[in-house]
Each structure stands twice: as C-alpha cells, then as structure tokens.
Enquirer: 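Please read through the structure below; I'll follow up with questions.
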Amino acid sequence: LALRSLLRQEAVGVAVGVTVLPAIKLLLASRGLGLRCLVSERNYPPARPPALPWRWLRRLSYPWADLHLVQTSTTGAWLRRHCGAKRQLLLPNPVVWPLPNHEPIVPPEALLPDGVPVLLAAGTKAHQKGFDRLMPVFQRLLDRIPQLHLVVLGLSATPYQGVDQQAWLRRLLGDGSERQSRLLLPGPVGNMAHWYARASVFVLPSRFEGFPNVLLEAMAAGCCCVASDCPTGPADLIEDHRNGRLLPADASCEAWTEVLADLLGDGLQRAQLAAAAVSVRDRFSEKRLRQDLL
C-alpha cells in the first residue's frame, strides 16, 4: 500500500522491478494504475528459489509485466515456461571499456612479489562464486608451482549473511603458514583493470550466475579465463578452447587442477586465448547491443 501510494504521488510512468521480491511487490502495487512495469531477473531463477508464497505470487504477477528484461535465453525460456513471462527482451549487460577506477585503489605490486604467477578470482558471494571449490585446486597446484599466488577480490572482512567468508576460505585451505601466505584476500578494490593486467589466469568456478559481469570484464581486459559452465552466462561468453576454457558445471577438482596447471605452464596458449577473449569489447559494447535491439 505504501508503494502504491508513492507510485500515485510521484505520477510514475515507467517502473522497473529488479530481482524477484521487489518485482513482485511492484507488480502488485501498480495493478490498475496504468503505468508501465518492467521486470529484470539478475540470476538464473531456479538457482535461488524464493519461499513458496513468493513463488505463487511470482506465477500470478509476472504475466502482468509489460516487459521482462532477460540476460540469457536460458533464463528467458525458464520464465516463459514457469511464470508465463511471454513479453521478453534479451538484453545482456554491456561491458564498459576501458574500465574506470574508483576507491579503494589497491596496487597489485603492493601485495604481490614481482614475477610470481597469479590466479585471480573476484566476487562478493563466496558460495555462489564457488570460491570454496578453488581451495583444494589451489592446494594441488601449489605442489607443482610453489610460487603460485591466488588472489580473491571483493570479499568483505565483515560477515555476509552471518558468515565470515574470508575466514571460511582460509579454513578450507588448511594449516600451513606458507600455503596461507599464497592466498591473498584484499577485499573490495576499485582498480580492477590493474588486477586483470597482473593475472596469469582469471577463474570463475561459479555454481550459478545471471550474466557474469566479472567474467565479461576479465575477457575485455585480455585475461586468459577459465569458467564453470554453470547456469547461466559463461557459455554465452566463452567458446571452449577458442577464447577461454569452459569446464563442465560438475568438473572435478582434478579436472580444474589439470586445466589450470596446463595453462600456467603454457604462455603461448594463455596469450592466444587472451587475444581472442577481447572480442567481447565489441560483441557486448553498449553501441552494439543498442543496434541489436533495433
């Protein structure tokens, strides 16, 4: 009722509901007001199902939307089949290039020794991004490449949903001061382009995505990228062996270890994949996406 009152007071003409619960609330509040409502899901819907009452309300209200903005065709198909969301527009996120800098600025050289190989990962939600999956892989890689460092950007030092994510990853990595010193957790940084430039390989072992901005940015920055073929997004960006490596969603620790060890030991292969990856600057530029809509 409060939202409905606000929509009337402000004489809103177009409103966008971003993520499930806000979208449902908007559709219910705006019913009969004559304004245009758009809905934008940001993750693959089955990966994070809301509680049962919200699922019912989603099925009831989603057909009312004037338009559903979907980031991948897989998400669009699911919404059409399960939620009656028939009016859709496929609109992936654009890549901003060159990447802008903002605070906090954390120079890689302030934390990393010169010349050491670096695995880079980034994200704010450790479980969704599958960072826990990287810990046993990193352990095995250190046995082969003792100077290897793993940098995970974006995890706050404060708990997320009651979990200290940094401490969780360190526990999974296991005891040993030498091993722990190779895992760097600088937290959020605003100079991502500098970190992409320093990475030997960028990794995204996600359990699920919507459309992974961080992978899009890493490819635009010319990183050699390895990602999980999770629902959804990585397969829209990476063609395996051409512009990166795309591993099955259920790939084993051994499979990840072998692929990463191969890439870390083969500079030519890394360079070839990285050179092909930068094509996303054009494929997902704002100008190109606008043209594709016309």
Enquirer: Quick one: do Arg179 and Leu173 satisfy side chain to side chain contact (heavy atoms under 4.5 Å, CB included)? Show the steps, please.
Expert: CA-CA 8 Å; Arg179 179 186 297 172; Leu173 184 58; 3.5 Å; yes

Enquirer: Would a 4.5 Å heavy-atom cut-off, applied to side chains only, mark Leu120 and Leu153 as touching?
Expert: yes

Enquirer: Give, for atom CZ of Arg198 and atom CG of Leu111, the distance between the pair rounded to the nearest 0.5 Å.
Expert: 11.0 Å

Enquirer: With side chain to side chain contact (heavy atoms under 4.5 Å, CB included) as the test, would you mind laying out the steps for Gln291 and Arg288 before giving the verdict?
Expert: CA-CA 5 Å; Gln291 290 174 345; Arg288 175 73 173 271; 4.3 Å; yes

Enquirer: Are any non-hydrogen side-chain atoms of Leu204 and Cys225 less than 4.5 angstrom apart?
Expert: no

Enquirer: Salt bridge check: are Asp132 and Arg207 linked by an N-O gap of less than 4.0 Å?
Expert: yes

Enquirer: Which heavy-atom pair separates Ala23 from Tyr62 by the least distance, and what is that distance?
Expert: CB-OH, 3.9 Å

Enquirer: Do NZ/NE/NH1/NH2 and the carboxylate oxygens of Arg140 and Glu254 come within less than 4.0 Å?
Expert: yes

Enquirer: Quick check: closest heavy atoms across Thr72 and Thr232, and the distance to 0.1 Å?
Expert: OG1-OG1, 3.3 Å

Enquirer: Testing the basics here: between Phe208 and Ala47, what is the closest heavy-atom pair and its distance to 0.1 Å?
Expert: CG-CB, 3.3 Å

Enquirer: So if I apply the side chain to side chain contact (heavy atoms under 4.5 Å, CB included) rule between Leu141 and each of Leu134, Leu150, Thr257, which one comes out positive?
Expert: Thr257

Enquirer: Can we say Asp66 and Arg87 salt-bridge, meaning some charged N sits less than 4.0 Å from an Asp/Glu carboxylate O?
Expert: no

Enquirer: Apply side chain to side chain contact (heavy atoms under 4.5 Å, CB included) to Phe131 and Gln165, showing your working.
Expert: CA-CA 10 Å; Phe131 295 154; Gln165 299 184 105; over 6 Å; no

Enquirer: Kindly indicate whether the side chain of Asn43, heavy atoms from C-beta on, has any atom under 4.5 Å from the side chain of Glu41.
Expert: no

Enquirer: Looking at Asp143, I'd like to know if its CG atom is crowded, meaning that more than 12 non-hydrogen atoms belonging to other residues, nucleotides or ligands lie closer than 6.0 Å.
Expert: yes

Enquirer: Give me the atom names and distance for the closest heavy-atom approach of Asn243 to Arg283.
Expert: ND2-NH1, 4.2 Å

Enquirer: Taking atom types as modelled, is there a side-chain donor on Gln166 or Tyr160 under 3.5 Å from an acceptor on the other?
Expert: no

Enquirer: Identify whether the distance between the nearest side-chain nitrogen and carboxylate oxygen of Arg144 and Glu258 falls below 4.0 Å.
Expert: yes

Enquirer: More than 12 foreign heavy atoms under 6.0 Å from CZ of Arg36: is that the case here?
Expert: no

Enquirer: Do Val118 and Leu112 have side-chain heavy atoms sitting under 4.5 Å apart?
Expert: yes

Enquirer: Quick check: do Asp262 and Gln269 have side-chain heavy atoms less than 4.5 Å from each other?
Expert: yes

Enquirer: Return yes if a side-chain donor-acceptor contact under 3.5 Å exists between Tyr44 and Glu209, otherwise no.
Expert: no

Enquirer: Using a cut-off of 6.0 Å, state whether more than 12 heavy atoms not belonging to Leu1 lie near its atom CG.
Expert: no

Enquirer: Which value, rounded to the nearest 0.5 Å, describes the distance between Arg55 atom CZ and Cys83 atom SG?
Expert: 10.5 Å

Enquirer: With distance as the sole test, does Ser252 use its side chain to make a donor-acceptor pair with the main-chain N or O of Ala255 at under 3.5 Å?
Expert: yes

Enquirer: Check the angle between the aromatic planes of Tyr196 and Phe202 and answer parallel, tilted or perpendicular using the 30° and 60° thresholds.
Expert: perpendicular

Enquirer: Can you find a pair of side-chain heavy atoms, one from Asp240 and one from Asp229, that are under 4.5 Å apart?
Expert: no

Enquirer: How about Thr158 and Ser156: does a side-chain donor come under 3.5 Å of a side-chain acceptor?
Expert: yes

Enquirer: Taking atom types as modelled, is there a side-chain donor on Asn191 or Asn101 under 3.5 Å from an acceptor on the other?
Expert: no

Enquirer: Among side-chain atoms of Arg42 and Ser40, is any donor-acceptor pair under 3.5 angstrom?
Expert: yes

Enquirer: Under a 4.5 Å cut-off applied to non-hydrogen side-chain atoms, are Leu28 and Trp64 in contact?
Expert: yes

Enquirer: Distance from Gln128 atom CD to Lys125 atom NZ, nearest 0.5 Å?
Expert: 6.0 Å

Enquirer: Kindly confirm or rule out a cation-pi arrangement of Arg133 over Trp256, judged by NZ or CZ under 6.0 Å from the six-membered ring centre and within 45° of its axis?
Expert: no

Enquirer: Using side-chain heavy atoms (C-beta onward) and a distance below 4.5 Å, is Arg170 in contact with Leu185?
Expert: yes

Enquirer: Rounded at 0.5 Å granularity, tell me how far CG in Asn213 sits from CG in Leu216.
Expert: 6.5 Å

Enquirer: I need the minimum non-hydrogen distance between Leu35 and Val12, along with the two atoms involved.
Expert: CB-O, 3.5 Å

Enquirer: Hey, does the side chain of Arg80 reach the backbone of Lys86 with a donor-acceptor pair shorter than 3.5 angstrom?
Expert: no

Enquirer: Is the number of heavy atoms from other residues, nucleotides or ligands within 6.0 Å of CH2 (Trp54) greater than 12?
Expert: yes

Enquirer: Walk me through it: do Leu67 and Gln88 pass the test side chain to side chain contact (heavy atoms under 4.5 Å, CB included)?
Expert: CA-CA 5 Å; Leu67 188 64; Gln88 296 186 4; 5.5 Å; no

Enquirer: About how many Å separate CG of Leu26 and CZ of Arg4, when rounded to the nearest 0.5 Å?
Expert: 11.0 Å

Enquirer: Could you grab the distance from atom CG of Leu119 to atom CG of Leu260, nearest 0.5 Å is fine?
Expert: 5.5 Å

Enquirer: Which heavy-atom pair separates Gly222 from Ala274 by the least distance, and what is that distance?
Expert: O-CB, 3.2 Å

